[in-house]
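Here's the structure, in structure tokens; my notes come after.
Just so we're on the same page: letters track the sequence lines, and every chain starts at 1. What you are looking at is a predicted structure, and each value in this text was computed from that prediction instead of being measured.
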Amino acid sequence: MKTALTIENVSFAYGKKKALDDVSFSINTGECTLLLGPNGAGKSTLFSLITRLYDSREGHINLCGFDIKTQSRQALMRLGVVFQQTTLDIDLTVLQNLRYHAALHGMSRKQANLRIQEELERLTMYERRFEKVRQLNGGHKRRVEIARALLHKPALLLLDEPTVGLDVPSRQSIVEHLHQLSKDNQLAILWASHLMDEIYSEDRLLVLHQGQIKAQGSVNEVLDGTQSQNISDAFHQLTQQRVST
Amino acid sequence: MIGLHFWRVMWGITHRELLRFLKQKERFVSALVRPLIWLFVFAAGFRAALGLAIIPPYETYILYEVYIAPGLIGMIQLFNGMQSSLSMVYDREMGSMRILMVCPLPRWFLLVCKLMAGTVVSILQVYVFLVIAWFYDIQAPEIGYLLIFPALLLSGLMLGALGLLLSSFIKQLENFAGVMNFVIFPMFFMSTALYPLWKIKESSLLLYNLALYNPFSQAVELIRFAWYGQFNPHAFIYTLVAFIIFMFTAILGYNPSKGMMMRKGGR
């Protein structure tokens, strides 16, 4: 098992307001790590730092052995992201959106077509490749975004609350698919969520609150550490808030 | 291999911008209607009111429509440059700018690609305008239609870079209306697009100076001379320097550790 992401003593502030305070953790390949935290905990800031929208002044972020600041090209090549908001161009077709992403990652047309077919077929969306994104429902748009994030075969997949606003069947199917992906492809996943039923017993947990890591480890380790019966109680104890079920 | 990656990214971004432009038919129509109204209505009405002396690059007395045409070409590029930046603010709000920003190539290159894509779209609009103007009897020597291309490239890049710079300052889409009022209109009216410099000087020395140093004036003059097969070195250097300054500042604005993104707290 290799380390896909290492965060070392990262702190970040907006002016005087500290958003992240000495955060350290690591994620291995094949692991699905759920990042839990109430609103304002620092999840979005953490994602912005990993995707290099901001630079961290304190601490280090390392992706598959590459420093995100000094070796950003090599690091970003190994990163796939699904943002909370839809980032597809709704006036373009599924295929046009995916080809655009493939071009951004330097793929040839042939290579892109092959990968697009593979990823869309896996999500049973290949038949719909010529449809405009505007015509797809929320769940299908999400599937396209997941396919897009995987086109260039990243080692780490970042998911920022990818199931927000989806109906229960769509959500379940995406949650299952992502867990399977992590296992089958040895993909490391960092997944910001606030929904309990997205957590599987073999997942790892990271609880972030007020910019600090309050707990990390396997589901059982977090439960033992907080002496709780379930994740919801553990989360409540760590943050004084309830997670949605 | 890395060179190929750069090329594919440039092509990918330009192709997406062209697709978006062609799908948004109303954008294409309004981009053309605006200068055409100025040409057919405003210029026709002004023809009698404004007498023009012979000034370079023209070798004879010209109609006001002929004088104003390069200014309207500039207008197309000015609006397009601002619209591209509008699309960047929109992209950032919608998050698709973030997809571009996580692309594994230097950020300055991604911004240059975005700029180039916007400029290609504006040049497309200008050539459609030139065809319509041709049928309206506003014609330049044939060689001018070729020579205008590099001038359009530079002026488009300069105006696009200005838009890019503004987009790095603007946090939300709503603020863009202010940019329209405070950037586009003053830039257009305080320039040589509508009146020659000597005419402006007759009415106000302050306006004359503002128009003289307005980079949009220089872009319009660059286009005017190139369209008539001539090279205006002063306008060229001025436009080029303005482009470099705008571009450099815009790149700083999008730099993750130094830029305005940081101060804004981002999204």
Side-chain angles (χ1 to χ4, degrees), chain A residues 12-15 17 19 44-45 47-57 63 66 68-69 71-93 96-97 99-109 111-112 132 134 145 148-149 152 154 158 160, chain B residues 1-28 87 90-110 113-114 117 168 252-267:
Chain A
F12 189 85
Y14 298 107
K17 191 173 171 278
S44 296
T45 306
F47 275 38
S48 295
L49 290 172
I50 301 172
T51 53
R52 219 178 158 250
L53 192 66
Y54 310 147
D55 266 348
S56 55
R57 296 207 173 105
L63 230 148
F66 297 102
I68 192 84
K69 230 194 286 189
Q71 295 163 297
S72 58
R73 183 169 176 267
Q74 290 93 328
L76 290 174
M77 274 168 74
R78 288 156 179 85
L79 178 70
V81 196
V82 177
F83 292 107
Q84 193 176 340
Q85 289 168 310
T86 299
T87 52
L88 296 166
D89 205 320
I90 55 171
D91 289 322
L92 303 187
T93 65
Q96 285 166 340
N97 267 287
R99 278 192 182 147
Y100 170 62
H101 186 80
L104 290 183
H105 281 270
M107 287 185 213
S108 68
R109 179 56 80 95
Q111 204 182 357
K132 275 192 181 176
R134 190 187 288 281
E145 289 198 295
R148 180 178 66 178
H152 56 288
L158 284 189
D160 192 359
Chain B
M1 201 61 193
I2 180 133
L4 201 59
H5 189 173
F6 274 76
W7 164 248
R8 281 176 182 151
V9 169
M10 167 95 58
W11 167 244
I13 294 174
T14 309
H15 186 238
R16 174 180 181 257
E17 206 67 32
L18 280 170
L19 278 176
R20 272 164 62 102
F21 179 69
L22 294 173
K23 302 246 166 173
Q24 297 168 343
K25 292 194 178 58
E26 46 306 342
R27 189 177 149 197
F28 187 60
S87 93
Y90 174 79
D91 273 0
R92 207 168 56 210
E93 286 201 351
M94 297 306 288
S96 55
M97 193 65 188
R98 296 184 78 170
I99 289 293
L100 185 67
M101 292 288 127
V102 293
C103 166
L105 283 187
R107 205 157 284 188
W108 66 263
F109 178 73
L110 299 174
C113 287
K114 194 85 177 142
S168 68
L252 275 185
Y254 276 92
N255 184 311
S257 43
K258 298 190 185 77
M260 286 70 116
M261 305 279 276
M262 201 72 167
R263 287 202 292 278
K264 282 186 290 208
R267 288 175 63 89

> What is the distance from atom CZ of A/R134 to atom NZ of B/K23, rounded to the nearest 0.5 Å?
Replying inline: 10.5 Å
>> Testing the basics here: between A/L53 and B/R107, what is the closest heavy-atom pair and its distance to 0.1 Å?
In response: O-NH1, 4.1 Å
>> To the closest 0.5 Å, what do you measure between CD1 (B/I99) and CG (A/D89)?
In response: 11.5 Å
> Which atoms of A/R148 come close to chain B, meaning under 4.5 Å heavy atom to heavy atom: side chain ones, backbone ones, both, or neither?
Replying inline: side chain
> Hey, does B/H15 have a side-chain heavy atom less than 4.5 Å from the side chain of A/R99?
Replying inline: no
>> Is there a side-chain contact between B/I13 and A/L104 in this structure, where contact means two heavy atoms from C-beta onward sitting under 4.5 Å apart?
In response: yes
>> Return the CG to CG distance between B/L22 and A/D91, rounded to the nearest 0.5 Å.
In response: 12.0 Å
> Taking the side chain as C-beta and beyond, is there a heavy-atom pair between A/T51 and B/M101 under 4.5 Å?
Replying inline: no
> What part of A/H152 is in contact with chain B, defined as an atom under 4.5 angstrom from a non-hydrogen atom: side chain, backbone, both or neither?
Replying inline: neither
>> Just so I understand: if I count every heavy-atom pair under 4.5 Å between each of A/Q74, A/M107, A/K69, A/K17 and chain B, which residue has the most?
In response: A/M107
> Which heavy atom in A/A103 sits nearest to a heavy atom in B/G12, and how many Å separate them?
Replying inline: CB-CA, 3.7 Å
>> Counting C-beta onward and ignoring hydrogens, is there a side-chain heavy-atom pair between A/H105 and B/P104 closer than 4.5 Å?
In response: yes
> Within a strict 4.5 Å, meaning less than it, do heavy atoms of the A/S108 and B/R8 side chains meet?
Replying inline: yes
